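Here's the structure, in structure tokens; my notes come after.
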Amino acid sequence: SLITILNGVCGFSAIIFAGKYPNERIGHFSYFAIAGYIVVLAMVADMLDGRLARMSKSTSSFGGQLDSLCDVISFGVAPAFLMLKILEGKMVGLAETNPVFAGFFHRFIWLAGAAYISCAAIRLARFNVENEEDEAAHMSFMGLPSPAAAGVIVSLIIFHQQTLPDLLDKSTGAYAVCENMIMYALPFLSLGVAILMVSRIRYPHVLNQYVKGRKPFAQFIRILLLLAFAIWELPAALVVVFCSFAASSVAKRLYYRLIKK
């Protein structure tokens with residue numbers, strides 16, 4: 001339960017950092033990037049609490065309810081608020097050049113944020129109703145897990161804040177194109193992962209299916225390569241991991257329903 005509370009405190013801390021003035025930094029890290037990393041830390045706490053409870057045979061309905069309440073903060077409210085705050089700066093410049101489109105886009109961002117929070121709450125409430133305490137029942141999830149949905153949003157924000165300025169000069173046209181692609185994609189991706197959270201598409205439990213137990217040696221090599229990639233360039237690795245995971249089950253369903261049929 002203490003680790004679960006840490007998850008909720010991380011979500012609250014991410015909201016605090018996201019609400020800071022966007023140009024303020026702590027060393028190389030912007031406040032937006034710090035907020036994104038704190039959400040990732042909340043994912044680690046969320047991954048540990050249930051596993052520790054099952055290992056110590058101390059699972060309870062109270063722990064499950066507490067976990068979902070904290071998840072709403074860390075993986076529902078925090079990513080949506082972070083998306084809104086980072087797009088506010090974009091709206092200032094857009095309002096000067098195209099005020100009509102800026103007003104429409106501003107309302108669309110709020111709609112995307114509200115839809116994301118609503119679907120995250122529905123996803124977690126459904127999980128509480130359908131959840132089983134047996135470890136064998138945790139091999140897959142019905143709908144995109146809320147931490148993975150949050151990961152899609154915060155990983156792109158971290159990439160935008162840290163890796164993109166290092167790759168491209170801010171004064172170049174290539175930087176402007178890449179930044180616009182990320183900024184305009186965020187609300188659409190938020191709507192997309194919101195729909196996936198409440199869908200009936202099955203997603204694998206990564207640890208239980210691909211890490212736990214005896215696995216082929218090739219699996220070990222793949223994990224090592226992924227860890228090496230994460231150490232070399234963590235923001236890019238986060239984008240690849242979370243976006244690939246969110247799209248994987250959708251692609252698999254399309255393959256089995258359309259191509260193979």
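Note that this is a predicted model, so its numbers are computed, not measured.
- Remark: the backbone N or O of Met142 is paired with a side-chain donor or acceptor of Arg126 at under 3.5 angstrom.
- A 4.5 Å side-chain heavy-atom check between Val239 and Leu156 finds at least one atom pair inside the cut-off.
- At most 12 non-hydrogen atoms from other residues, nucleotides or ligands lie less than 6.0 angstrom from CZ of Phe104.
- Separation of the Phe32 and Phe17 ring centroids does not fall under the 6.0 Å cut-off.
- The two residues Ser68 and Asn128 come nearest to each other via the heavy atoms OG-OD1, 2.6 Å.
- Here the straight-line distance linking atom NE2 of His160 with atom CE of Met181 works out to 12.5 Å at 0.5 Å rounding.
- Side-chain heavy atoms closer than 4.5 Å link hydrophobic residues (I, L, V, M, F, W, Y) into clusters, and following such links, even through other members, never connects Phe12 to Ile3.
- Side-chain contact check for Ile16 versus Tyr31: every heavy-atom pair is 4.5 Å or farther apart.
- Note that the CG atom of Leu82 and the CD1 atom of Ile158 stand 8.5 Å from one another [nearest 0.5 Å].
- Between the CG atom in Leu167 and the CD atom in Gln162 there is a gap of 11.5 Å [rounded to 0.5 Å].
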Leu87 vs His106, side chain to side chain contact (heavy atoms under 4.5 Å, CB included): CA-CA, chis, key distance, verdict: CA-CA 9 Å; Leu87 287 173; His106 187 263; over 6 Å; no
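- Side chain of Asp67 to backbone of Gly63: no donor-acceptor contact under 3.5 angstrom is found.
- Residues Phe141 and Pro204 have side chains not in contact (no heavy-atom distance under 4.5 Å, counting atoms from C-beta outward).
- The main-chain N or O of Ala246 is found under 3.5 Å from a side-chain atom of Tyr203 such that the two form a donor-acceptor pair.
- Hydrophobic clustering (ILVMFWY, side-chain heavy atoms < 4.5 Å, transitive): Ile201 and Val193 are in one cluster.
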Leu186 vs Ile109, side chain to side chain contact (heavy atoms under 4.5 Å, CB included): CA-CA, chis, key distance, verdict: CA-CA 9 Å; Leu186 275 174; Ile109 293 168; over 6 Å; no
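- Ser146 places a side-chain heavy atom less than 4.5 Å from the side chain of Leu124.
- Residues Val39 and Cys10 fail the side-chain proximity criterion, which asks for heavy atoms closer than 4.5 Å.
- The neighbour count for Phe81 CZ, taken as heavy atoms of other residues, nucleotides or ligands under 6.0 Å away, is above 12.
- Gln161 is not listed as a side-chain neighbour of Phe29, based on a closest heavy-atom distance of 4.5 Å or more.
- Between Ile117 and Gly76 the shortest heavy-atom distance is CG1-O, 3.6 Å.
- Rounded to the nearest 0.5 Å, atoms CD1 (Ile157) and NZ (Lys85) are 12.5 Å apart.
- Between the side chain of Ser74 and the main chain of Asn7, a donor-acceptor pair closer than 3.5 Å is present.
- Rounding to the nearest 0.5 Å gives a distance of 10.5 Å between CZ of Arg200 and CZ of Arg253.
- Cluster membership for Ile195 and Phe75, using ILVMFWY side-chain heavy atoms within less than 4.5 angstrom, is not shared.
- Here the shortest heavy-atom pairing between Met197 and Ala149 reads SD-CB, 3.7 Å.
- Shortest non-hydrogen contact noted between Leu164 and Tyr175 is CG-CE1, 3.6 Å.
- Ile122 and Leu69 fall into different hydrophobic clusters, where Ile, Leu, Val, Met, Phe, Trp and Tyr residues are linked whenever their side-chain heavy atoms come under 4.5 Å apart, directly or through other members.
- Contact annotation: the side chain of Leu41 never approaches that of Tyr37 to less than 4.5 Å [non-hydrogen atoms, C-beta and beyond].
- A donor-acceptor distance shorter than 3.5 angstrom exists from the side chain of Tyr116 to the backbone of Ala150, with no hydrogens or angles considered.
- In terms of the side-chain hydrogen bond (donor to acceptor under 3.5 Å, both in side chains) criterion, Ser249 has no residue partners (sequence neighbours excluded).
- Counting all heavy atoms, side chain and backbone alike, Pro145 lies closest to Phe245 at CD-CE2, 4.0 Å.
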Step-by-step side chain to side chain contact (heavy atoms under 4.5 Å, CB included) determination, Leu66 to Ser1: CA-CA 8 Å; Leu66 180 64; Ser1 294; 4.1 Å; yes
Criterion side chain to side chain contact (heavy atoms under 4.5 Å, CB included) on Asp71 and Phe127, from CA distance to verdict: CA-CA 12 Å; Asp71 285 357; Phe127 177 79; over 6 Å; no
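- Inspection of the Glu179 and Tyr184 side chains reveals no N or O donor paired with an N or O acceptor under 3.5 Å.
- Closest of all the heavy-atom pairs between Asp46 and Pro147 is OD2-CG, 3.5 Å.
- The same ILVMFWY cluster, assembled from side-chain heavy atoms under 4.5 Å apart, contains both Leu196 and Phe188.
- The backbone N or O of Leu144 lies less than 3.5 Å from a partner atom in the side chain of Arg123, making a donor-acceptor pair.
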